[in-house]
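Proteins get letters first, then strands, A, B, ... in listed order; numbering begins at 1 in each.
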Number of protein chains: 2
Amino acid sequence: MSPAPTGTRNDTARPTTTRDRLLSATAQVLSAKGYSETRLTDIAEVAGLRAPAVYHYFSSREELVAEVMTVGQRLVREHVTDALAALPAGTGVVERIETAVEAHLLIELQLSEFATAVTRNAGQLPDDLRDRVRDEGTAYHALWRDLLEQARTEGLLRTGLDPRAARMLVIGALNWTAEWWSPRQSPLPVLVRTAQSLVSAGLFEP
Amino acid sequence: MSPAPTGTRNDTARPTTTRDRLLSATAQVLSAKGYSETRLTDIAEVAGLRAPAVYHYFSSREELVAEVMTVGQRLVREHVTDALAALPAGTGVVERIETAVEAHLLIELQLSEFATAVTRNAGQLPDDLRDRVRDEGTAYHALWRDLLEQARTEGLLRTGLDPRAARMLVIGALNWTAEWWSPRQSPLPVLVRTAQSLVSAGLFEP
DNA sequence: GTCTATAAGTAGATAGAC
DNA sequence: GTCTATCTACTTATAGAC
């Protein structure tokens with residue numbers, strides 16, 4: 001497994017090794033064109049190589065895509081986890097969820113092409129690849145499940161919400177932003193505030 | 001353009017013509033495997049034919065996929081429009097939006113494989129195909145924009161929400177259900193009620 | 001209308017030179 | 001480590017029989 005990308009969007013900007021450059025190039029092409037249109041030739045070209053050179057670093061196209069997806073999912077989870085950890089001890093669950101919403105949107109839309117690649121392509125992978133990426137995704141969902149469970153325990157969750165459905169609807173709203181958001185139509189802070197407001201009011205008792 | 005599919009999931013159940021059977025088969029394969037893994041051979045097999053027979057009805061794979069996507073997007077819009085039209089005159093905007101939420105989820109998850117195909121694959125299409133499907137999608141978003149604009153005009157919309165971002169987050173939450181929902185994990189009515197509750201509380205003043 | 005046979009094109013992967 | 005050249009497999013699409 002490679003060292004984590006730098007964490008500025010541009011994980012593609014100043015890659016050190018050729019291997020990392022290939023991973024970044026793959027994330028970039030996956031984000032822009034989707035799994036079906038992602039050719040090894042395109043990846044190699046973005047990385048400044050010819051296709052056969054890829055095989056010096058990865059045993060197959062599948063290995064390359066799998067690593068990008070795993071890294072991307074891990075980046076999302078780590079970024080959200082770190083943001084929560086940075087909150088003062090005793091921060092309430094409402095603010096914690098708003099922090100998670102912001103962190104998810106930032107990593108997905110601004111900080112990492114790897115994260116975008118995961119969101120846009122996880123559902124399109126062939127079964128074997130999807131299986132290989134699943135564990136990281138499960139861990140991320142567990143993070144949200146814990147947040148909602150905490151809210152429920154404290155009696156803050158609105159009644160009539162199925163916890164699992166509510167969690168998936170919220171994550172879905174956030175993930176779908178990768179399909180439509182562009183900085184030219186609405187600034188990211190506007191989106192973040194709207195998402196925080198929508199999620200808070202939707203989940204919590206007034 | 002073919003006659004609309006029957007509107008029970010399955011549009012694939014009792015198709016009359018071979019052409020309709022091909023469209024249904026395409027919707028089914030697209031929903032299950034995604035655009036990248038949808039082969040003409042798979043489609044033909046589901047329809048009970050060999051691949052070359054497809055060319056008797058469609059000039060290319062692209063034509064076939066394009067028609068499925070257009071039909072699917074139209075079905076979603078018509079189903080939601082019809083559900084709204086069936087409400088008594090003077091029904092308030094809150095209930096109208098809850099009706100739209102339910103109609104969207106029903107057509108997408110239960111009534112039409114065509115609708116699922118659109119939601120899961122619209123973002124993965126090559127550019128030329130995406131352009132051809134765009135108009136129907138725009139019309140559907142206009143429907144939601146009008147609903148939210150009506151809420152805003154009546155002073156029901158919570159402050160701090162960007163209308164466009166809020167609309168896309170809501171539609172995104174609904175669309176993403178196609179990626180995760182299965183009837184075995186939570187019954188559809190549970191999902192519908194949770195989504196209605198989340199959206200209503202998220203959008204409207206208490 | 002649907003088939004078998006096959007052409008034409010493209011993508012992933014390998015061989016071997018440098 | 002990266003290249004050119006090539007192989008193999010697969011997919012769309014066409015030709016022509018029935």
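With rounding to whole Å, B/Asp42 atom CG is found 12 Å from D/dC10 atom C1'. Rounded to an integer number of Å, the gap from NE2 of B/His56 to C1' of D/dG16 is 15 Å. The separation between B/Leu22 atom CG and D/dT12 atom P is 14 Å, rounded to whole Å. The nearest whole Å value for the distance from the CG atom in A/Leu129 to the P atom in C/dG12 is 13 Å. The distance between atom CZ of B/Phe58 and atom P of C/dT2, rounded to the nearest whole Å, is 12 Å. Atom CD in A/Glu37 sits about 11 Å away from atom P in C/dG12, given to the nearest Å. Whole-Å rounding puts the B/Leu64 CG to D/dA13 P distance at 10 Å. Taking atom CG of A/Leu40 as the reference point, atom C1' of C/dA13 lies 9 Å away to the nearest angstrom.
A heavy-atom distance below 4.5 Å is found between the side chains of A/Leu30 and A/Val68. No side-chain heavy atom of B/Leu148 sits less than 4.5 Å from a side-chain heavy atom of B/Pro163.
Between B/Thr18 and C/dT2 there is a side-chain polar atom (N or O) within less than 4.0 angstrom of OP1 or OP2. A/Tyr55 has no side-chain polar atom (N or O) that falls below the 4.0 Å cut-off from OP1 or OP2 of D/dG1. For the OP1/OP2 pair of C/dT2 and a distance below 4.0 Å, the side-chain nitrogens and oxygens of B/Arg50 include no atom meeting the criterion.
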Using the rule given for side-chain contact (heavy atoms from CB on, under 4.5 Å), can you reason through B/Arg158 versus B/Leu203, listing the C-alpha separation, both sets of side-chain angles and the distance that settles it, and then say yes or no? CA-CA 6 Å; B/Arg158 292 180 42 255; B/Leu203 290 177; over 6 Å; no

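Without hydrogens or angle criteria, B/Asp162 side chain to A/Val190 main chain gives no donor-acceptor distance under 3.5 Å.
Here the side chain of A/Tyr57 is nearest to one of D/dT2, C/dT2, C/dA5, namely D/dT2. Side-chain proximity of A/Leu49 to the nucleotides C/dG1, C/dC3, D/dC3 is greatest for D/dC3.
In this structure, A/Ser59 and A/Arg39 both approach DNA chain C, and ranking their closest nucleotides by distance from the 5' end singles out A/Arg39.
By the 4.0 Å N-to-carboxylate-O rule, A/Arg134 lies close enough to A/Asp131 to be salt-bridged with it.
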